[in-house]
Amino acid sequence: MLQFLKMASDSCIVNARYKYIHDDHKNPIEAIDAHHVLVRTSNSRVFFACLSALLLTSTAFSLSLLKDKSILILLWSLLLSALLVKLFLRKPVEKESIIIMSAFGVQLETQYGRGRKVHRFIPIDKILKPVLNECVTPVTCYWSLSLIVRGEEELTLVFKEIRPPVKMLIPIWKALCAATNSLGNLEQF
Amino acid sequence: MGERSKHRILMVSDFFYPNFGGVENHIYYLSQCLLKLGHKVVVMTHAYGKRSGVRYMTGGLKVYYVPWKPFVMQNTLPTFYGTLPITRTILIREKISLVHGHQAFSTLCHEALMHARTMGYKVVFTDHSLYGFADAGSIHMNKVLQFTLADVSQAICVSHTSKENTVLRSGLPPEKVFVIPNAVDTAMFKPAPERLSSDEIVIVVISRLVYRKGADLLVEVIPEVCRLYPNVRFIVGGDGPKRVRIEEMREKHSLQDRVEMLGAVPHSKVQSVLISGHIFLNSSLTEAFCIAILEAASCGLLTVSTRVGGVPEVLPDDMVVLARPDPMDMVQAIQKAISMLPKMDPQAMHLRMKKLYSWHDVAKRTEIVYDRALRCSNQNLLERLSRYLTCGAWAGKLFCLVMIIDFLFWHLLQVLQPAKDIEEVPDIILPNCQYGEKSGDFSDA
């Protein structure tokens, strides 16, 4: 029976939209470095959900009063607004993680709102370099962390669905560089 | 002279690398020289084909190719407020202190300057061309220019003629306009190591073969000169709609062995074409400055040019022969130039040009303009609106409305995407190491 010795190097960075957790399990046999970014429910989502539900209910109520239609419409609208609230409050993506096993490779994991999980494993010798890229869209510019993978034309994004801020990406990038021995001058950081 | 503070400048224009031209080269060389002086320069332009996103050029010059599609003549589609989010993001993340727009015919430049003024940044505008007053296109463009320049901190023109033209078109007070001429990269444009023999005189023409550049004048001038001087040969480089006319002229007068057509000459090959000639002929009908004759003079060629726009201000009288844009007058000017040729010394001309024009000088003068711009007082929205009202009876009110909506849109953006959520980019220092690896100070990110 193997005992896992949990080294207490858990760190946590939080901002309005995302929460970053770093689990660093070091045991005698191998090192597993896990980084998780969780999506937090923002207040504006709750507000919009409740507002739209309220609007819908009040419209249906006034309609049923004015036009003397059956109470069925009101019931249907209540059901619809309950569904809307549930839909708004459910996040499309719950969590994205990267698990770095420096001997084997890197596992990218996306956990969706309905419990579906998508995994992707990249062997360590296929990773050429992890890069921090600035992506420009017509309305904004953000940082993204990607891997240059041997044999693939395009960069592999580490976080496919979410856009964490750069201060959460940097420790992950440093850990990836250390695992793949990419940069020689890491001592500057 | 005390220590000058270092600025962080955003250059905005639709025209930049990989396009080649006067404005593009100006922005590039000016940025390189400003980087050497210690300032930080970032360039913003639209995406060229697949070239989109962030790119780094020599010296650490950062270029944002924003993925807005160009719609006509390399200009971005003007949406008034569409570029506000990305402009705001770039200004905050690069910690810009000053915005410098180039070229009146660039929609991205006008929009970026408008947004920068709304957000309270100081703004400098450089005009590179002369424009008319009479036709419908010019009238509308001048109105747009009036709007942009109503609230600019300082403006720069490339010649005194251009300053007069800009001041008249935009109604800007002349005290706000500085004249800083363009320059030439004398290290690239060197004369031929050995002097060419003067048995056969070679006249070089390199320009876009369009109406504006006087291609029709060439059609009249070339056969006449060839008739008068049997030992004169022409080399014509460049392409355009008027190329057909010149080819026809060649056929008509049987000048195939005396007029050589090179087609479009890439910028890197221009010097090698220039050094194969004795005289450079420029027949433009309008020119704010004309860098082409600077390049020719730097290569040791004697220039014959039309006396239009800012051309007389460019070269000293002993290096250029000017003529009216009339074929007979130009033929006489070429005759005078041919007689002046034996006295010319290409190496001496090149050394003189080195002293007269340099991009470092342009950068230092531009730095003075930036210092002056940053010392302008900060004005709130109401004070700025009063300047727009003076633009015209209807136009003034329209401009005010546009600016008010921009202001409201900006405040909405500040709520939706607060400035503290936009992360500032650390200054990346590119080391001079073999593999070009970047190291950056990420410890304070």
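Letters A, B, ... are given to chains in the order of the sequence lines, protein chains preceding strands, and every chain is numbered from 1. Because only heavy atoms are used, hydrogens play no part in the values below, and waters and symmetry mates are left out as well, while side chains stay in.
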Is it true that, when you exclude B:Phe80 itself, more than 12 heavy atoms of the residues, nucleotides or ligands shown sit nearer than 6.0 Å to its CZ? no
Residue B:Arg384 excluded, over 12 heavy atoms near CZ under 6.0 Å: yes
Side chain, backbone, both or neither: which part of B:Lys420 has a non-hydrogen atom closer than 4.5 Å to chain A? neither
When you look at OH of B:Tyr17, are more than 12 heavy atoms from neighbouring residues, nucleotides or ligands closer to it than 6.0 Å? no
What pair of heavy atoms forms the shortest contact from B:Tyr64 to A:Cys141, and how long is it? CE2-SG, 3.8 Å
What part of B:Arg88 gets closer than 4.5 Å to chain A, counting heavy atoms only: side chain, backbone, both or neither? neither
Nearest heavy-atom neighbours spanning B:Gln417 and A:Thr140: NE2-OG1, 3.7 Å
Are there over 12 heavy-atom neighbours, none belonging to B:Lys143, within less than 6.0 Å of that residue's NZ? yes
With a 4.0 Å cut-off, would you call A:Glu134 and B:Arg55 a salt bridge? no
Would you say the side chain of B:Arg93 lies within less than 4.5 Å of the side chain of A:Trp143, judging by non-hydrogen atoms? yes
Specify the closest pair of heavy atoms between A:Thr137 and B:Pro67, including all atoms of both residues, with the distance to one decimal. C-CG, 3.7 Å
Above 12 or not: heavy atoms from other molecules or residues under 6.0 Å from NE2 of B:His411? yes
Report which part of A:Cys135 has an atom under 4.5 Å of a heavy atom belonging to chain B: side chain, backbone, both, or neither. neither
So which heavy atom on A:Val136 is nearest to which on B:Ile86, and how close? CG1-CD1, 4.1 Å
